[in-house]
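Hydrogens, waters and symmetry mates are skipped; everything else that's a heavy atom, side chains included, is used. Note on naming: letters A, B, ... go to the chains in the order of the sequence lines (proteins, then strands), and numbering restarts at 1 for each one.
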2 protein chains.
Amino acid sequence: MAEKVTIATVARHARVSRQTVSNVINAPHIVRPETRQRVQEAIVTLGYRANQAARQMRTGRSRLIAVRIEPTRDGINGSVLDRFLHGLTETAESAGYRVMLYTATDDDREISAYGDLLSAYDLDGFVITGTDHGDPRTAWLAEREIPFVTFGRPWDHPQAHSWVDVDGAAGTREATAHLLAAGHLRIGFIGWPAGSGVGDDRRAGWHRALLGAGVDPDGLDAETEDGIAEGARTAREMLGRPAPPTALVCASDSLALGALQALRAAGTTMPVIGFDDTPVAAAVGLSSISQPLGDAAARCVDLLTDLLDGPHRDPRQVLLRPALVLRHLA
Amino acid sequence: MAEKVTIATVARHARVSRQTVSNVINAPHIVRPETRQRVQEAIVTLGYRANQAARQMRTGRSRLIAVRIEPTRDGINGSVLDRFLHGLTETAESAGYRVMLYTATDDDREISAYGDLLSAYDLDGFVITGTDHGDPRTAWLAEREIPFVTFGRPWDHPQAHSWVDVDGAAGTREATAHLLAAGHLRIGFIGWPAGSGVGDDRRAGWHRALLGAGVDPDGLDAETEDGIAEGARTAREMLGRPAPPTALVCASDSLALGALQALRAAGTTMPVIGFDDTPVAAAVGLSSISQPLGDAAARCVDLLTDLLDGPHRDPRQVLLRPALVLRHLA
DNA sequence: GGGCAGGATTGGATCGTTCAAGTTGCTGGA
DNA sequence: TCCAGCAACTTGAACGATCCAATCCTGCCC
């Protein structure tokens, strides 16, 4: 292994002091151009790279962003966060940050992980996913003035902090509008039990679209936990109603896929539109509402670096529009 | 924010020196029990956590493991590495290591990322995925004696370094044996073009199983790039052969899914078995060969910590058996 | 009571970087 | 000629941990 190249090595090689090298790196404008170039050549020649640990000890900044990685669950919905993570890593890298992962099984444990990450690794900031009403994690971070951005709105206080989210209601509204335009009136919705921010939002889009078209949503709504089996069960239940729907919008691809299987088993076909545009939807030809995850990740990094690099900026919010992806099943 | 708790704070609080606190943490056995306890109480009371950056600067070790995260591709096969990553993060955490992500679009760029990660963050080790014949990455790392473990065999030199892999041949052999036991003889295989370690291995299992049962594999094999469309096209082609197969084993779930769709479109049904047991397979009821990814990740961490903590150990290898997951389609 | 061995504890140096406070050399105005 | 003012660069100290070498106890033996 080649021996260590430190700032002192570069300094000797360029016949300047350590500090001048440091200035070339961190404040190039205060160094005379010819000196600057000599130092930069030395840096390239020697292959010098700043040691983050040493820099971090002095500045207290680590250029590290922490992101939680969820325990493998469903596999269908999990892929959404995975795709988000991919985008996040890429964008963070080009902004000069790296991503560190952590796990936590619940909010309390996640909060205690924050303390660990902050004091041991001096993390610069967090990207928090899957926020819900009265999230204790964001409260903890905000209280300590630790920079963070959420992917998901703070449902209670819209302006509380910086966040990026996808307008789920706009997605379900567009899906519903598409089905209305295709001549359907009794468009059903299979969503999650009321109370979750994301779930209520997605239901609201469908609800408003129907009302806007003069259709009474009553009797066209169903609530269930997420899952393929749950989707199938709920679809069967809806088929047995007095006036069953002639098309379906679902709050997730799992639900949509279950519904699709139940319909096929019952010998019925009707358009079904899922949510999240997971690989599963693409594979089976299910239409779905696609979240711009790469974009969302990039904006998260933007907002976070804003908080980190800039002086105390006001929190900013970004709401992205999802896109309806039509496939042969609808 | 509470003010910083350093080793000196703890030392003052416990009325001992910094070194004694350090000893309590790093070499508890050389400290008198009562002193040790007093220090430990101070650590808990003050909520002290060792600053990694400072420790790292002195010891040169960061307790950080780097893992590459692939650009989002297919979405089906990508999920395999994602699940692996989840397991890796969890196991690493309980072994006292954290996972740092990096991206790279090709091997050369990946190698230059190594240099960056090593000199800037003092990474302790790497987990490399998707090795192939004559992998330049492992050569680069080995040359510099940087600890690493691969998930995937070094196909050229089986004992070259520590690795964990899943016995793909055993998987396809089991799948083929299952179909043979169900009475099938002309069992086809859709795999990738010869030349890739993983692909050839999976084909070999099917091949050996057929030979073992006295079936001539000739005319039952097909090669194609990975993908749903490719799988469909290849299955159609095989149906047109003089003696088409009556069952299929595929090198991936993408291929299997494509084959399944082509067969359904052609009005035929036959058992199809995929590989990797992705969420898509589970969702559509496709039988598939499941890799024990959580287990593989855990073993990777084991081997890597062995290399890091122990004195120069010999490389170790772990070959795990996959499991055939039968679903209603086969 | 003094000397000694052995382990527990202490203080100082160090890792590589940046911050703060110098020093040098040049320009220009009185 | 003198010195203020500035730009360009240098030097010493600090971040928080660990390593090393020196010192302090303690108990034990003669």
Next on the checklist: What's the angle between the local helix axes at either end of the helix from C/dG1-D/dC30 to C/dA30-D/dT1, using five pairs per end and rounding to 10 degrees?
Outcome noted: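 The end axes of the helix from C/dG1-D/dC30 to C/dA30-D/dT1 are about 70° apart, to the nearest 10°.
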
Item to check | Where at least one partner belongs to residues 39-53 of chain A, residue pairs that pass salt bridge (charged side-chain N to carboxylate O under 4.0 Å, His left out), sequence neighbours excluded | outcome: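 Residue pairs with at least one partner in residues 39-53 of chain A: A/R49-B/D116.
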
Checklist entry - Tell me, which pairs form a ring pair (Phe, Tyr, Trp, His ring centres under 6.0 Å) where one or both residues lie in residues 6-63 of chain A, sequence neighbours left out? => result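 Checked against ring pair (Phe, Tyr, Trp, His ring centres under 6.0 Å) - neighbours excluded - no pair reaches residues 6-63 of chain A.
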
What nitrogen or oxygen pairs link the protein and nucleotides 22-26 of chain C at under 3.5 Å?
none

Checklist outcome for this item: Across all chains, not counting sequence neighbours, the ring pair (Phe, Tyr, Trp, His ring centres under 6.0 Å) partners of B/F84 are B/F151

Next on the checklist: Tell me every residue that passes ring pair (Phe, Tyr, Trp, His ring centres under 6.0 Å) with B/F126, counting only those two or more places apart in sequence or in another chain.
Outcome noted: B/Y114

Item to check | Donor-acceptor contact present, side-chain B/R38 to main-chain B/A14, <3.5 Å | outcome: yes

Checklist entry - Any side-chain heavy-atom pair from A/L141 and A/T138 closer than 4.5 angstrom? => result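 No, their side chains stay 4.5 Å or more apart.
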
Checklist entry - Can you find a pair of side-chain heavy atoms, one from A/I43 and one from A/I25, that are under 4.5 Å apart? => result yes

For [X], what residues pass the salt bridge (Lys or Arg N to Asp or Glu O under 4.0 Å) criterion, not counting sequence neighbours?
X: A/R153; result: A/D165, A/D201
X: A/R55; result: none
X: B/D132; result: none

For residues 293-304 of chain B, which side-chain N or O atoms pair as donor and acceptor with protein atoms under 3.5 Å away, sequence neighbours left out?
none

Next on the checklist: Looking at every non-hydrogen atom in both residues, tell me the closest pair between A/A95 and A/R63 and how far apart they are.
Outcome noted: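 The pair with the smallest heavy-atom distance is O-NH2, 3.3 Å.
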
Checklist entry - To the nearest Å, how far apart are B/R12 CZ and C/dT10 P? => result 14 Å

Checklist entry - Taking atom P of C/dT10 as reference, at what distance in whole Å does atom CZ of B/R15 sit? => result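 In whole Å, C/dT10 P lies 11 Å from B/R15 CZ.
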
Check nucleotides 15-18 of chain D for protein N or O atoms closer than 3.5 Å to its own N or O atoms and list the pairs.
| from | atom 1 | to | atom 2 | distance (Å) |
| --- | --- | --- | --- | --- |
| D/dG16 | OP1 | B/K4 | NZ | 3.2 |
| D/dG16 | N2 | B/A54 | O | 3.4 |
| D/dA17 | OP1 | B/Y48 | OH | 2.9 |
| D/dA17 | OP1 | B/N51 | N | 3.2 |
| D/dA17 | OP2 | B/I7 | N | 2.4 |
| D/dA17 | O5' | B/Y48 | OH | 3.4 |
| D/dT18 | OP1 | B/N26 | ND2 | 2.7 |
| D/dT18 | OP1 | B/R55 | NE | 3.2 |
| D/dT18 | OP1 | B/R55 | NH2 | 3.2 |
| D/dT18 | OP2 | B/S22 | OG | 2.8 |
| D/dT18 | O2 | B/R58 | NE | 2.6 |

Item to check | Near-strand residues of residues 27-42 of chain A, defined as heavy-atom separation under 4.0 angstrom from DNA chain C | outcome: none

Checklist entry - Is B/R61 atom CZ crowded by more than 12 heavy atoms from other residues, nucleotides or ligands, each under 6.0 Å away? => result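 Enclosed.
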
